[in-house]
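Just so you know, these numbers come straight off a predicted model, no measurement behind them. Every chain is numbered from 1, with letters handed out A, B, ... down the list of sequences.
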Amino acid sequence: MTTISGPPTLLVTSTISTLEKCKTIHETRQIHAHMIKTNLVNHTFTVGKLIALCSLSGLSGGLDYALSVFSQIRNPNAFIFFALIKGFSESSNPLQSIILYAHMLSCFKELKGIEFSLPSVLKACGKSRSFEEGRQVHAQILKTHFRFDPFVSNSVIRMYEEIGEIEFARRVFDKMFDRDVISWNSMIKGYLRAGEIELACGLFNEAPERDVVTCNAMIDGYGKNGKCELAEEVFRMMSDKDVVSWTSMISAYVLDHRPRQALDLFREMLSLGVRPDAAALVSVLSAIGDLGFVEEGKWIHNYISANKITLNPGFIVSALIDMYSKCGHIENAYHVFRCVSHRKNIGDWNSFISALATHGLGQEALEIFLDMERKEIEPDEITFLGLLSACSHGGMVDEGQYYFKIMQEKYNIVPKIQHYGCLVDLYGRAGLLEDALGVIQTMPMEADVLAWKAILSASTKHGNVAIGENAAFKVMDLAPEDSSCYILLSNIYAKARRWDDVAKVRLMMKQRGVRKIPGCSSILVNGKVHEFLVRKEMDMRNDSEVLSKIEEMVSRLKLEGYEPDLTQVLLDIEEEGKGSSLCHHSEKMALAFGLINVRNGAPIHIVKNLRICCDCHSFIKLVSRVYNRRIVVRDQNRFHHFEDGSCSCKGYW
DNA sequence: CGTCGACTTA
């Protein structure tokens, strides 16, 4: 009798247990080398373990390594295929998972064993929006007994749901006789994703069973569909909230432009002893960025370090960069960016490029992109939005045109409406109004509000009444509730001294019930926020200290040649009144408060809800020189760093 | 062997 001897059992078990201990792909490679020496590479079981560990353990570079090992073996079994298919379905390259699945089908004579991979390949189809492939897998399932497996049916529902083919999902759902809570949840999620609130709500009420996931899906879906109050309702009614419930509600507040409530809710969550995870921190960081509360942001940053929350993979890094940038602390954003030098994901690069762009550091943004190219990191459409905005905020028309070109020719990215919007803005800010209009006329889709607003603000800036009027009327059509276009149109007329038309705009606003958003600026001093609202002369309350400081500033600046820019006043009031209403713009009040209360030498940080006006802009420029202060102002669009009489925006805002 | 939920960048 002959026995075919396999490798010694002890060698196999010790190799596998060593493999399981590997922390980096480098260590795994050494064991692989050892396996080659001892001929274990021909032992399917051990190689399978190697591939599975590489694909499924999340080691960086593991998947690619697993694929290369796989390509060198002769008879891969279903277990090996499963490991790779699952690994790739969760990666950023889900198509590879579909390719492997097809490969597996061609290798095997019978279907035995392939069913392990069905949930993963379906997930890959969903993730990569591969409708045709998804349908084929579905068809194959219908022809076999697999359709009686609830895991598989739920995966099919989930696949259609993610692709957005909600009717297909519904058909599968209706035919299932063993629907469980997961089937219901996926279906509800699908309707919410499609914006079908009523249908989602119907299923929510009908569902025989709800769990915490069901409610969380409703909170999230309501929030994303602009129904924050409904989200609140579900949230308040829940008795067992988990960290996802809190996170979803925090995000709903952020989306509803209520960052204060988001932050308060986060604090409530902490006080109840719920431990925030990475996603919760990302959400609250975005609220903090909106508020500009850098101290809170630093606290979260510390929390992340102290609790060893993993930065990668995930959104933490880009959320931190974004938060620091929105708080005006671009140096801290840079610090975070640099600290993760080895494994940055595309979002981290994009956040930093956009951050530099909003701070007017266009040249620096372009340099970061050069670095990406050197490191062969594939940019995506958002990278180019950042670059285009860097160019338009920096007046770099030629560069902007260049990036718009290579985006398509070198990187095969089809420009979306936002890219065209940036291009319009690029020409507009530079005063090339005709070119800006040319983009609108030739772009392959209808121009949206943002594009017309870019034209409008460019016309205001460059004093073009005809183009500006036309753009303002387009914006009124497309976004009737937006008051900013009325203000800008009025400014255009005022600049042309057409006071009758200014009055007409004012009348139009009144008739249409459009309300001007009151200007509001806030400033942080010693960890406390002080808010200033634009205020009429009549109610000065107890801001007399601030008001007399403004008077002092005005007279000091007048000696330096400051002349109030009266075209920035909406109403046609008497010249005298105009001057003083300008003085009460919220950013001037916040600035006066800052000069009084922020210690000498420290920069003054101000956040304004609207765009800064021309008068305030030149006023603050002068203040930075006369009072020798660095002043950082965040307005609706970007940052202005004022220093020694000039501003980082160089007039492009 | 496996199915459902939250998060950044414009």
- Query: So what does A:D242 touch, heavy atoms closer than 4.0 Å: a base, only the sugar-phosphate, or nothing?
  - Reply: base

- Message: From the set B:dT9, B:dG5, B:dC7, return the single nucleotide nearest to any side-chain atom of A:A279.
- Response: B:dC7

- Query: Between A:K189 and B:dG5, does any side-chain N or O lie under 4.0 Å from OP1 or OP2?
  - Reply: yes

- Taking B:dC4, B:dG2, B:dT8 as options, the one with an atom nearest any side-chain atom of A:D211 is B:dC4

- Query: Any side-chain donor-acceptor pair under 3.5 Å between A:S183 and A:D180?
  - Reply: yes

- Task: Report yes if a donor N or O on one partner sits less than 3.5 Å from an acceptor N or O on the other, where the partners are the side chain of A:S351 and the base of B:dT9; otherwise report no.
- Result: no

- Message: Among B:dA10, B:dA6, B:dT3, which nucleotide has an atom closest to any side-chain atom of A:T247?
- Response: B:dA6

- Evaluate the salt bridge (charged side-chain N to carboxylate O under 4.0 Å, His left out) criterion for residues A:E233 and A:K227: first the C-alpha distance (whole Å), next the side-chain angles of each, then the deciding distance (0.1 Å), finally the verdict. CA-CA 10 Å; A:E233 214 173 273; A:K227 309 269 179 207; over 6 Å; no

- Check each of A:F384, A:F404, A:W452 against A:Y420 using the ring pair (Phe, Tyr, Trp, His ring centres under 6.0 Å) test, and report the only one that passes. A:F404

- Item | Residue pair A:L67 / A:Q96, side-chain heavy-atom distance below 4.5 Å | yes

- Query: Reckon A:K224 touches a base, only the sugar-phosphate, or nothing at all at heavy-atom distances under 4.0 Å?
  - Reply: sugar-phosphate

- Message: I want to verify a distance call: between B:dC1, B:dT3, B:dT8, whose nearest atom is closest to the A:F116 side chain?
- Response: B:dC1

- Where the side chain of A:K86 is defined as all heavy atoms beyond and including C-beta, which of B:dG5, B:dC7, B:dG2 is the nearest nucleotide? B:dG2

- Note on the structure: Among B:dG2, B:dA10, B:dC1, the one nearest any side-chain atom of A:Q418 is B:dA10

- Message: Once you apply a heavy-atom cut-off of 4.0 Å, does A:V152 come out as touching a base, just sugar-phosphate, or nothing?
- Response: base

- Query: Which nucleotide sits closest to the side chain of A:N350: B:dT9, B:dG2, B:dC4?
  - Reply: B:dT9

- Query: Is the shortest side-chain N/O distance from A:R158 to OP1 or OP2 of B:dC4 below 4.0 Å?
  - Reply: yes

- Query: Which nucleotide in the set B:dT3, B:dT9, B:dC1 lies at the smallest distance from any side-chain heavy atom of A:F82?
  - Reply: B:dC1

- Task: Give a yes or no on whether a salt bridge exists between A:D174 and A:R171, defined as a side-chain N under 4.0 angstrom from a carboxylate O.
- Result: no

- Query: Could you give the NE2-to-P distance, from A:H359 to B:dA10, as a whole number of Å?
  - Reply: 11 Å

- Task: Can you tell me the distance, in whole Å, between the NE2 atom of A:H393 and the C1' atom of B:dA10?
- Result: 11 Å

- Message: Tell me if the side-chain of A:N154 makes a donor-acceptor pair with the base of B:dG2, cut-off 3.5 Å, by modelled atom types.
- Response: no

- Message: Base, sugar-phosphate or nothing for A:K326? Non-hydrogen atoms, less than 4.0 Å.
- Response: sugar-phosphate

- Message: Closest approach to the side chain of A:S354, judged atom by atom: which nucleotide of B:dA6, B:dA10, B:dC4 is it?
- Response: B:dA10

- Query: Taking the side chain of A:V244 as its heavy atoms from C-beta onward, which of B:dT3, B:dG5, B:dC7 lies nearest to it?
  - Reply: B:dG5

- Task: Describe the nucleic acid contact of A:D277 in one word from base, sugar-phosphate, nothing, applying a heavy-atom distance below 4.0 Å.
- Result: base

